[in-house]
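Encoded as structure tokens, the structure appears first; notes follow it.
One-based numbering, in listed order, for ligands and for the atoms of each. This chain uses plain numbering: 1 for the first residue, then up along the sequence.
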Amino acid sequence: MNVSNVSRSLSIDADPYPYEFVPAQSALLIIDMQRDFLEPGGFGEMLGNDVSQLRRTIDPNRKLLAAWRAAGLPVLHTREGHRPDLSDLPPAKKARGRSQRTIGDPGPMGRILIRGEPGHDIIPELYPLPTEPVIDKPGKGAFFATDLHAILQNYGIRNLVVTGVTTEVCVNTTVREANDRGYDCLVPADCVGSYFPEFQEAGLKMIKAQGGIFGWVSDSSRVIAALQQAPLTA
Ligand code: C5J
């Protein structure tokens, strides 16, 4: 995208009203598209979840990521996980769920949610380029105990398009954190997923309710169309 394009304000049809953004001040933030959450045979499926509910987001994310990269705008990825020595894992998080195997234990794709293990890594379809920051986060929100806010400030970012999994957990927590830090967030509904259809619906409603209390909801085709808007060359 050339310089005159990136400094113009663009509009995307969204709920509860059109989302205005300046491409030069916008980043794509892809949350936790990790093998353990999305792949058959991973930790998510081991817990009894239907990974197809998340896998339907892969193709829309792939197309959005390609358009975003083609526009020359920043992309950041996150991964939920912990240090191998578990020093950043709160005991309460380790114990939660009372399942036989929890974070740090051997899982189907290496130690569960441990950095460096195969299951912790991002799925190949959306693999980060070497130039794209990967934020390793110990919590649900991407701003907690990470340098995400500092990186976004250094890039001059004010608008975030937030995608990934899961809608009601890490995506919602991150959008709420971003909102409190002054970012305007747009969530493309087809690029976020939940294991639970009812939480997908509620998670999106909570973002856009009350005049967009946390942000806006749209879909990837509208974001891509805005990025490719013809008048950008005027
Ligand atoms: C969860 C996430 N669901 N990425 N993590 O534990 O939403």
Side-chain angles (χ1 to χ4, degrees), residues 28-58 60-61 76-83 86 88-105 107-115 117-123 125-128 133-146 148 160-179 185 187-207 214-215 217:
L28 175 63
L29 180 62
I30 305 178
I31 304 292
D32 299 358
M33 292 295 276
Q34 293 164 252
R35 295 185 59 203
D36 249 337
F37 292 133
L38 285 123
E39 291 194 350
F43 175 51
E45 195 176 70
M46 187 189 92
L47 293 176
N49 295 303
D50 173 8
V51 292
S52 71
Q53 295 288 343
L54 305 194
R55 292 191 66 76
R56 60 160 189 81
T57 70
I58 296 175
N61 265 291
L76 299 94
H77 307 254
T78 71
R79 296 184 294 206
E80 181 178 353
H82 295 273
R83 295 170 182 261
L86 305 185
D88 63 350
L89 176 63
K93 186 175 179 185
K94 169 81 177 153
R96 192 73 50 81
R98 294 184 173 173
S99 66
Q100 279 194 326
R101 282 190 282 173
T102 63
I103 298 170
D105 293 338
M109 293 184 180
R111 290 179 68 201
I112 296 166
L113 291 189
I114 297 301
R115 296 177 191 159
E117 299 290 335
H120 172 264
D121 210 355
I122 292 172
I123 57 170
E125 295 92 330
L126 301 175
Y127 210 76
V134 177
I135 309 293
D136 277 318
K137 62 186 187 63
K140 304 305 184 199
F143 289 86
F144 170 68
T146 73
L148 175 60
L160 292 172
V161 173
V162 185
T163 75
V165 298
T166 62
T167 308
E168 76 280 16
V169 184
C170 292
V171 172
N172 240 274
T173 308
T174 297
V175 167
R176 289 167 189 233
E177 288 181 332
N179 182 62
C185 295
V187 177
D190 55 338
C191 291
V192 295
S194 169
Y195 295 122
F196 309 99
E198 66 274 29
F199 291 166
Q200 170 78 1
E201 197 189 336
L204 293 171
K205 275 188 182 163
M206 285 180 195
I207 290 167
F214 298 122
V217 175

Inset, instruction - Considering the heavy atoms of Asp32, write down every atom of ligand 1 situated less than 4.0 Å from one of them. - result: 2 (C), 4 (N)
Legend entry - Glu168 to ligand 1, any heavy atom closer than 4.0 Å: no
Inset, instruction - Go through ligand 1 atom by atom and flag the ones less than 4.0 Å from a non-hydrogen atom of Glu80. - result: 1 (C), 2 (C), 4 (N), 5 (N), 6 (O)
Legend entry - Smallest separation among heavy atoms of Phe196 and Asn49, with atom names: CZ-OD1, 3.9 Å
Inset, instruction - Would you confirm whether Asn61, through its side chain, and Ile58, through its main-chain N or O, come within 3.5 Å as a donor-acceptor pair? - result: no
Legend entry - Nearest non-hydrogen partners of Val192 and Leu204, listed with the distance: CG2-CD2, 3.9 Å
Inset, instruction - Taking only heavy atoms of Val165 into account, list the atoms of ligand 1 that are under 4.0 Å away from them. - result: 2 (C), 4 (N), 7 (O)
Legend entry - Asp136 backbone acceptor or donor facing Arg79 side chain under 3.5 Å: no
Inset, instruction - Would you check the N or O atoms of Ile31, main chain and side chain alike, for any that come under 3.5 Å of an N or O of ligand 1? - result: no
Inset, instruction - Using a strict 4.0 Å cut-off to heavy atoms of Val169, name the atoms of ligand 1 that fall inside it. - result: 1 (C), 3 (N), 7 (O)
Inset, instruction - Flag the pair His120 / Met109 as yes when at least one side-chain heavy-atom distance between them is below 4.5 Å, and no otherwise. - result: no
Inset, instruction - Could you tell me whether Glu80 and Lys93 have a side-chain N and a carboxylate O separated by less than 4.0 Å? - result: yes
Legend entry - ligand 1 N/O within reach of Lys137 N/O, cut-off under 3.5 Å: no
